[in-house]
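Working notes, structure below.
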Amino acid sequence: MRYSQFGLTTLKEVPAEAEIVSHQLMLRAGLIRRLSSGLFTWMPIGLRVLRKVEAVVREEMDRAGALELLMPAVQPAELWQESGRWDKYGDLLLRIRDRHDRDFCFGPTHEEVITDIARRELRSYKQLPLNWYQIQTKFRDEIRPRFGVMRSREFIMKDAYSFDLDEDGLRESYAKMHAAYSAIFTRLGLKFRIVDADSGEIGGSRSQEFHVLADSGEDAIAYCDDDNYASNIETAATERPPGDRPAAVESLEKITTPGVRTIEALCESLGISAAQTLKTLIVNGDDGPVALVLRGDHELNAVKAQKIPGVASPLTMADPATVRQVTGAEPGFAGPIGLQVPVLYDHATAAISDFVVGANEVDAGDPTPGGSGTLSIARGIEVGHIFQLGTNYSEALGAKVLDSDGKERVMEMGCYGIGITRIVAAAIEQNHDDSGIIWPDPLTPFNVVIVPINLQRSDAVRTASEEIHEELRNAGLEVLFDDRDARPGVKFADAELIGIPHRLVVSERGLANGELEYRHRRDEESRNLKREEALTLLIDSGIT
RNA sequence: CGGGGCAUGGCGCAGUCUGGUAGCGCAUCUGCUUUGGGAGCAGAGGGUCGGCGGUUCGAAUCCGUCUGCCCCGACCA
């Protein structure tokens, strides 16, 4: 591709609307342009990346035996009423009315449609197991779209739905998708974690999320490299539990928990449930710090908390130094015992006894965060989610098959999503430097960029550049040939901004020695290589 | 939806408080020079200052109203 004919415009300055680095770089490198809040156009260079993601996903889904289909983006209200979600889904659902006053929605997900297909198409257990998937544009009317394509309203998702005769089958289908997802994110060159998640409103028994690790991630996840433990840090708010507090049966006892800073880790190491612990949060109050004590499996509700007299509004957490001063311990080991500041207990704590709390002590042997064998907290971007749905939808819509005994059985369903558009942003969050994007090979819009020096004046450079362009293309590489009449600095800067992994500089100086200058986007220095050596390096590098 | 902010040429901004013929940088176009890290000189084009209404001799500027966008929160692939 000739740069002069590619219509690519890059931005030198950072657009004011972009908060996080991936959003900034996607705008600057010309991958996307915003149309309206949460709506983006994928420009040619961005679309190339998007297609790469799709291709990998498609290949691995096909390999796992899933079958691609394409469902309508617009769905009739009746199906959603049948599943009960027309009323339950809320404002996230974009509702549309047609000229006959019939209600539709722009699909935010496709459980209803696929279940409808299944009940029409599937009659016998012999047709199972079956896994249908599609790569589709979804719409969720997000309350607050932000971070560019990371949380947009319109987005592209790969969603798959498995159908099995029984739970064993479902577990097998689920395991296959688990493996396929791992393969996909590995192939895309992304650092990711699989975390146990709450299955949320969709329901079902088992659910795991695939998170690409990035500081800007919206979810906090706790993980341990040693035992593959990982979990999303999630929340639930409750009413005051009924009944009286059971009498304590154990006496106060001090337990040492080196390196254990989170409730999850605590429960794991002690073999208890989070509901049997209390956590103590130090927040800023109107007159100095205040301690808030919650049940360990609960999350602080900031809106409620800041309405409490004495608690500063808006709610802010005390900084680590204050926590140390108030509790005499590192953050993570705070407890309500013996504190000299006001201590407020959430009503849910009133109903439990024999609980575990922080003792405001620090263990000398605390390993550093991220050290091997200890729990770490990272931020992650959720790019995939797999669920064992069970019979929620098949039951509601009556999706049944006959088993080998000729009896009707409601099918067991699983559903499996991957945020295609979000992956592009996540990949950039993980792969960039001060100059711009650094594409992993599987995602890059072009494998190699040719930067000729003095193209307009040097016949030697022009001839050589054209030949190299041709040769690399014939070898199956995607080549961006920067044939613009621009100064070298401009071309270098753009090549780095848009993140092409391999760069070849063609200059008179080099050609005189039969050499090209090669530099990988991650390299500090460039290398002068004999022309054939350079081309062979690219062609043989397996980047096609 | 609650709280905060912004809206001036394609992008980034000044001008608004204190009303008086709209400006800067980048980008774009033309010519000449230049060509290994975002060139120089000369010239050019491009803005009903988000919309509507009001105050005023006069409004980007003051008042009202609507719309859009961004940030914080609940929600979420």
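A note on names: the letters A, B, ... follow the listed sequences, proteins ahead of strands, and every chain is numbered from 1. Treat the numbers as computed from the prediction; the structure is a model and nothing was measured. Every heavy atom of this structure was used, including side-chain atoms; hydrogens, water molecules and symmetry mates were not.
Residue-level contact check: A:Ser36 touches the backbone only, with heavy atoms under 4.0 Å from sugar-phosphate atoms and none from bases. Among the heavy atoms of the strands lying under 4.0 Å from A:Glu19 are primed sugar atoms or P, OP1, OP2 only; no base atom is included. The residue A:Ser507 sits close to a base: some heavy atom pair falls under 4.0 Å. When heavy atoms are screened at a 4.0 angstrom cut-off, A:Ala16 is found touching the sugar-phosphate backbone but no base atom. Note on A:Val14: only backbone sugar-phosphate atoms sit closer than 4.0 angstrom, heavy atoms only; bases stay farther off. Residue A:Leu11 is classed as having no contact, given no heavy-atom separation below 4.0 Å to the nucleic acid. Within 4.0 Å of A:Asp159, counting heavy atoms only, lies no atom of the nucleic acid at all. Among the atoms of the strands shown, base atoms are found under 4.0 Å from some heavy atom of A:Arg146. A:Ser152 comes within 4.0 angstrom of a nucleotide base, judged by non-hydrogen atoms across all strands.
The nucleotide B:U55 finds no pairing partner, because no Watson-Crick or G-U wobble arrangement with both distances shorter than 3.5 Å includes it. Remark: B:G73 base-pairs with B:C1. Criterion, Watson-Crick or G-U wobble with two distances under 3.5 Å. The nucleotide B:U35 finds no pairing partner, because no Watson-Crick or G-U wobble arrangement with both distances shorter than 3.5 Å includes it. Using N1 to N3 plus N6-O4 or O6-N4 for Watson-Crick, or N1-O2 and O6-N3 for G-U wobble, each under 3.5 Å, B:G9 pairs with nothing. Judged by Watson-Crick or G-U wobble contacts below 3.5 Å, the nucleotide B:U30 has B:A42 as its partner.
Tested against A:His178 for a ring pair (Phe, Tyr, Trp, His ring centres under 6.0 Å), the candidates A:Tyr416, A:Phe387, A:Phe210 yield a single pass: A:Phe210.
Contact of A:Arg34 with B:G68 (side chain to base): no donor-acceptor pair of N or O atoms is detected under 3.5 Å. At a cut-off of 3.5 angstrom, counting only N and O atoms as typed in the model, there is a donor on one side and an acceptor on the other between the side-chain of A:Arg503 and the base of B:G37. One N or O donor and one acceptor, one from the side chain of A:Glu496 and one from the base of B:G37, sit under 3.5 Å apart. Not a single donor-acceptor pair, N or O on each side, falls under 3.5 Å between the base of B:G36 and the side chain of A:Asn454.
Applying the 4.0 Å criterion to OP1 and OP2 of B:A74, one finds that A:Arg144 has every side-chain N and O outside that range. The side chain of A:Arg487 contributes an N or O atom lying less than 4.0 Å from OP1 or OP2 of B:A39.
Both A:Ser526 and A:Pro15 sit near RNA chain B, but only A:Pro15 has its closest nucleotide nearer the 5' end.
Closest approach of A:Thr421 and A:Val149 over heavy atoms only: O-CG1, 3.2 Å.
Taking atom CZ of A:Phe155 as the reference point, atom C1' of B:A77 lies 5 Å away to the nearest angstrom. Look at NE2 on A:His23: it is 8 Å from P on B:C70, rounded to the nearest Å. Atom pair A:Arg484:CZ and B:G38:P shows a separation of 14 Å (rounding to whole Å applied). To the nearest angstrom, C1' of B:G37 lies 13 Å from CD of A:Glu525.
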Pull out every protein N or O sitting under 3.5 Å from an N or O of nucleotides 5-7 of chain B, one pair per line with the distance.
none

Give every pair of a protein N or O atom and an N or O atom of nucleotides 24-31 of chain B that lie under 3.5 Å apart, one pair per line with the distance.
unit_1	atom_1	unit_2	atom_2	d
B:G25	N2	A:Glu13	OE1	2.8

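Relative orientation of the A:Tyr89 and A:Trp80 rings is perpendicular, given thresholds of 30° and 60° on the angle between their planes.
Geometric assessment of A:Arg484 against the ring of A:Tyr3 yields a positive cation-pi assignment under the 6.0 Å and 45° thresholds.
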